[in-house]
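Atoms considered below: every heavy atom in the structure, side chains included; atoms not considered: hydrogens, waters and symmetry mates.
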Amino acid sequence: QVQLVESGGGLVQAGGSLIISCAASGRTFTASAMGWFRQAPGKERECVAAIVWSGGNTYYADSVKGRFTISRDHAKNTVFLQMNSLKPEDTALYYCAARGVLRLGALENSQTYDLWGQGTQVTVSS
């Protein structure tokens with residue numbers, strides 16, 4: 001079975017940058033899209049960025065537009081999230097998720113994602 005493994009999280013000061021990655025491993029990988037979601041203590045999970053695997057169309061939450069960039073490497077079955085100008089409010093557990101090929105709906109809809117990673121913690125100090 002395919003698995004998603006996130007890496008790259010850590011502690012960074014406000015205004016700094018960080019890149020996190022999500023690698024898909026296993027026998028098959030046929031996702032239509034991949035996304036990054038985050039959840040902070042006491043808050044609901046939200047989609048921060050997503051990308052269509054083949055076409056490259058993207059979605060960004062308003063709170064991260066202009067600061068975060070999602071990208072993917074087809075050869076390595078890996079998706080990245082480049083985070084710049086980090087703010088304390090960005091502190092959260094960041095999850096990578098994969099959406100099935102036949103799934104429909106908005107890219108930011110978490111219920112359309114079928115496979116989730118374990119999460120990587122991003123902490124931004126003030």
task: Quick one: name the residues clustered hydrophobically with L11, using the 4.5 Å side-chain heavy-atom rule over I, L, V, M, F, W, Y, and just say none if it's on its own.
output: none
- request: Could you pull out all residues at least two apart from D114 that satisfy side-chain contact (heavy atoms from CB on, under 4.5 Å)?
  value: R103
Tabulate below the donor-acceptor pairs under 3.5 Å that side-chain atoms of residues 40-48 make, not counting sequence neighbours, or state none.
{"unit_1": "E46", "atom_1": "OE2", "unit_2": "R38", "atom_2": "NE", "d": "2.9"}
{"unit_1": "E46", "atom_1": "OE2", "unit_2": "R38", "atom_2": "NH2", "d": "3.3"}

message: Measuring only between side-chain heavy atoms, which start at C-beta, is V79 closer than 4.5 Å to I51?
response: yes
field: Test log, rule side chain to side chain contact (heavy atoms under 4.5 Å, CB included), inputs T123 and V12
entry: CA-CA 6 Å; T123 302; V12 63; over 6 Å; no
message: Going by the rule side chain to side chain donor-acceptor pair (under 3.5 Å), which residues pair with E108 if we only count those two or more places apart in sequence or in a different chain?
response: none
statement: Here the ring pair (Phe, Tyr, Trp, His ring centres under 6.0 Å) pairs for residues 68-105, sequence neighbours left out, are W53-H74
message: Once ring pair (Phe, Tyr, Trp, His ring centres under 6.0 Å) is applied, do any residues pair with Y113, and if so which ones, sequence neighbours excluded?
response: F37
Can you give each donor-acceptor pair under 3.5 Å made by side-chain atoms of residues 54-62, sequence neighbours left out, with the distance rounded to 0.1 Å?
{"unit_1": "Y60", "atom_1": "OH", "unit_2": "I70", "atom_2": "N", "d": "2.8"}
{"unit_1": "D62", "atom_1": "OD1", "unit_2": "K65", "atom_2": "NZ", "d": "3.2"}

Atom of A14, atom of S126 and distance for their closest heavy-atom approach: CB-CA, 4.4 Å
query: Do the side chain of S32 and the main chain of G100 share a donor and acceptor less than 3.5 angstrom apart?
result: yes
- request: List for me each residue that meets salt bridge (Lys or Arg N to Asp or Glu O under 4.0 Å) alongside R67, sequence neighbours excluded, and say none if there are none.
  value: D90
query: Where the side chain of E6 meets the backbone of C96, is there a donor-acceptor pair that is under 3.5 Å apart?
result: yes
- prompt: What residues form a side-chain contact (heavy atoms from CB on, under 4.5 Å) with S7, not counting sequence neighbours?
  reply: S21
- prompt: For T120, which residues count as a side chain to side chain donor-acceptor pair (under 3.5 Å) partner, sequence neighbours excluded?
  reply: none
query: Heavy-atom distance under 4.5 Å between the side chains of M83 and V122, does that happen here?
result: yes
task: Check the pair L4 / Q118 against side chain to side chain contact (heavy atoms under 4.5 Å, CB included), numbers first and verdict last.
output: CA-CA 8 Å; L4 303 179; Q118 82 287 351; over 6 Å; no
L115 side chain near V2 side chain, heavy-atom distance below 4.5 Å: yes
- prompt: Should L18 and L93 be regarded as members of a common hydrophobic cluster, given that ILVMFWY residues are connected when their side-chain heavy atoms come within less than 4.5 Å of each other, either directly or indirectly?
  reply: no
statement: When rounded to the nearest 0.5 Å, the distance separating OG of S110 from CD of Q39 is 10.0 Å
task: Return the set of residues passing side chain to side chain donor-acceptor pair (under 3.5 Å) with E89 (not counting sequence neighbours), or none when no residue passes.
output: none
message: Nearest 0.5 angstrom please: Q13 CD to L86 CG, how far?
response: 11.5 Å
- prompt: Of all residues at least two apart in sequence or in a different chain, which pass the side-chain contact (heavy atoms from CB on, under 4.5 Å) check with S17?
  reply: Q82, N84
